[in-house]
Amino acid sequence: PAAAASLALLYDQKEAILKNLLTFKDSAEMKLYKGREDFAAVYPFVPYQFHLLGNVLTAIRENGASGKHLAEGERSMLALFKESAMAVMSGEEGALVPFNLFFNALAQFIDHTHAIVITHAQENERLEPFDVEVLKVLFMIKYVKEITGNADNLTTLLVSAMEEDRLALKKKVEDSLRRLEQQTLIQKNGEVYSFLTNEEQNINRAILKESTEMGE
């Protein structure tokens, strides 16, 4: 009860900040905090994460990106939320769980062809550590129709504190997207970015090597 009361007060102080910080563009409904009680019940998570992560697990299973050990539904969800909560448990009050943290708990279930892309990105000297976190998020939402992989949504998914400077974070995300695109790890289509599997990367590299005359 003491923690719930303390969190309810924190929500009262930060309500306006949270509404400006957590916004989505061109996506299905993404649930945010209904009020102080809802905030106290689910903090340090954000309500949209429960539904979105369920969709991620389903999409990964359906698209063959998971190992056989990804249990149906609830048990996997519990493990992912438990590990992510533990990752931020020594953080400051006001810390939030960013969506990329769920990847670390999910990594053991992902098949080799997808996991190797992340491993190679971690070893790529032209990339920064944050670039890999952006790539993890793009992998998780690759097959999820409810959310669009644009810079605004990626910024919201990567918010890790109530005091986050959204403009600075978006600039950081955009810089990462540029580097990831240069390394042919992701593809840009209009404003939308998508994760490329190993096979898709090879195809994209082959396309880039083709030189065509303007007339053609």
Side-chain angles (χ1 to χ4, degrees), residues 14-35 38-39 42 44-66 77 80-81 84 96-103 106 110 114 117-118 121 127 130-197 200-201 203-204 207:
K14 307 285 186 186
E15 184 178 3
I17 291 172
L18 284 165
K19 284 190 172 142
N20 290 326
L21 196 57
L22 303 169
T23 60
F24 288 94
K25 183 180 166 190
D26 303 330
S27 290
E29 186 201 5
M30 291 287 166
K31 285 188 168 45
L32 301 173
Y33 304 110
K34 290 194 199 90
D38 190 31
F39 175 79
V42 303
F45 301 106
V46 188
Y48 78 81
Q49 292 174 337
F50 300 103
H51 186 64
L52 182 58
L53 197 62
N55 288 341
V56 166
L57 293 183
T58 303
I60 284 175
R61 268 195 301 267
E62 286 175 356
N63 289 279
S66 74
M77 290 278 278
L80 296 177
F81 278 96
S84 303
L96 294 167
V97 169
F99 206 67
N100 57 302
L101 265 192
F102 293 111
F103 178 88
L106 192 62
I110 294 166
H114 291 75
V117 176
I118 306 288
L127 295 177
F130 186 73
D131 304 347
V132 181
E133 301 310 309
V134 175
L135 188 63
K136 288 174 183 177
V137 173
L138 282 168
F139 164 71
M140 288 194 286
I141 65 170
K142 178 174 173 72
Y143 303 109
V144 177
K145 296 182 180 70
E146 286 84 353
I147 187 162
T148 312
N150 56 46
D152 282 298
N153 291 345
L154 291 168
T155 301
T156 301
L157 292 171
L158 286 156
V159 164
S160 61
M162 292 181 198
E163 298 302 322
E164 192 93 62
D165 178 338
R166 188 178 166 92
L167 282 176
L169 180 60
K170 187 178 176 187
K171 167 82 171 64
K172 201 174 164 189
V173 167
E174 286 170 341
D175 289 345
S176 286
L177 290 168
R178 244 189 316 278
R179 285 189 290 269
L180 290 166
E181 197 183 354
Q182 282 164 0
Q183 298 300 306
T184 60
L185 292 165
I186 62 171
Q187 186 171 19
K188 184 182 183 192
N189 186 3
E191 284 187 14
V192 180
Y193 295 86
S194 51
F195 174 93
L196 294 175
T197 62
E200 289 166 340
Q201 283 177 44
I203 292 165
N204 267 31
I207 291 168

* Please assess Leu185 against Val117 for the test side-chain contact (heavy atoms from CB on, under 4.5 Å), listing each intermediate value before the final yes or no. => CA-CA 8 Å; Leu185 292 165; Val117 176; 4.0 Å; yes
* **From CA spacing to verdict: side-chain contact (heavy atoms from CB on, under 4.5 Å), Ile147, Leu157** => CA-CA 11 Å; Ile147 187 162; Leu157 292 171; 3.9 Å; yes
* To do: Evaluate the criterion side-chain contact (heavy atoms from CB on, under 4.5 Å) for residue pair Tyr33 and Leu22; output intermediate values, then yes/no.
  => CA-CA 10 Å; Tyr33 304 110; Leu22 303 169; 4.1 Å; yes
* **Working for salt bridge (Lys or Arg N to Asp or Glu O under 4.0 Å), residues Arg179 and Asp175** => CA-CA 6 Å; Arg179 285 189 290 269; Asp175 289 345; 5.2 Å; no
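Side-chain N or O atoms of Thr155 include none that pairs as donor or acceptor with a backbone N or O of Leu169 at under 3.5 Å. Checking side-chain atoms of Thr148 against main-chain N and O of Asp26 turns up a donor-acceptor pair under 3.5 Å. At least one donor-acceptor pair closer than 3.5 Å links the side chain of Asn153 to the backbone N or O of Lys25.
Here the shortest heavy-atom pairing between Phe99 and Met140 reads O-CE, 3.1 Å. A pairwise comparison of heavy atoms in Glu164 and Leu21 identifies O-CD1, 3.6 Å as the closest pair. Residues Met162 and Ile17 share a closest heavy-atom pair of O-CG2, 3.3 Å. When every heavy atom of Lys142 is checked against every heavy atom of Phe195, the shortest pair comes out as NZ-O, 2.7 Å.
Looking at residues two or more places apart in sequence or on another chain, you find a side-chain hydrogen bond (donor to acceptor under 3.5 Å, both in side chains) between Glu15 and Lys19. Scored by the side-chain hydrogen bond (donor to acceptor under 3.5 Å, both in side chains) test, Glu174 finds no partners at all (sequence neighbours excluded). A search for salt bridge (Lys or Arg N to Asp or Glu O under 4.0 Å) contacts involving Glu146 returns nothing, not counting sequence neighbours.
Under the side chain to side chain contact (heavy atoms under 4.5 Å, CB included) rule, Phe103 has a single partner from Leu80, Val137, Val56, Ile118, which is Ile118.
Annotation: side chain of Leu106 is in contact with side chain of Ile60 (closest heavy-atom distance under 4.5 Å). Two residues are said to be in side-chain contact when any heavy atoms from C-beta on lie closer than 4.5 Å; Asp152 and Arg166 meet this criterion. Looking at Leu135 and Asp131, their side chains never come closer than 4.5 Å, going by heavy atoms from C-beta outward. Side-chain contact between Gln49 and Phe102 is present, with heavy atoms from C-beta onward closer than 4.5 Å. Between Met30 and His51 the shortest side-chain heavy-atom distance does not fall below 4.5 Å. No side-chain heavy atom of Leu32 sits less than 4.5 Å from a side-chain heavy atom of Leu18. Tyr143 has its side chain out of reach of Thr58: every pair of non-hydrogen atoms, C-beta onward, lies at least 4.5 Å apart. Side-chain contact between Val42 and Pro47 is present, with at least one heavy-atom pair separated by less than 4.5 Å.
A salt bridge links Lys31 with Glu29: at least one charged nitrogen is closer than 4.0 Å to a carboxylate oxygen. Salt-bridge check for Glu133 with Lys136: passed, with a basic side-chain N closer than 4.0 Å to an acidic carboxylate O.
Atom CG of Asn150 and atom OG1 of Thr156 lie 8.5 Å apart (nearest 0.5 Å).
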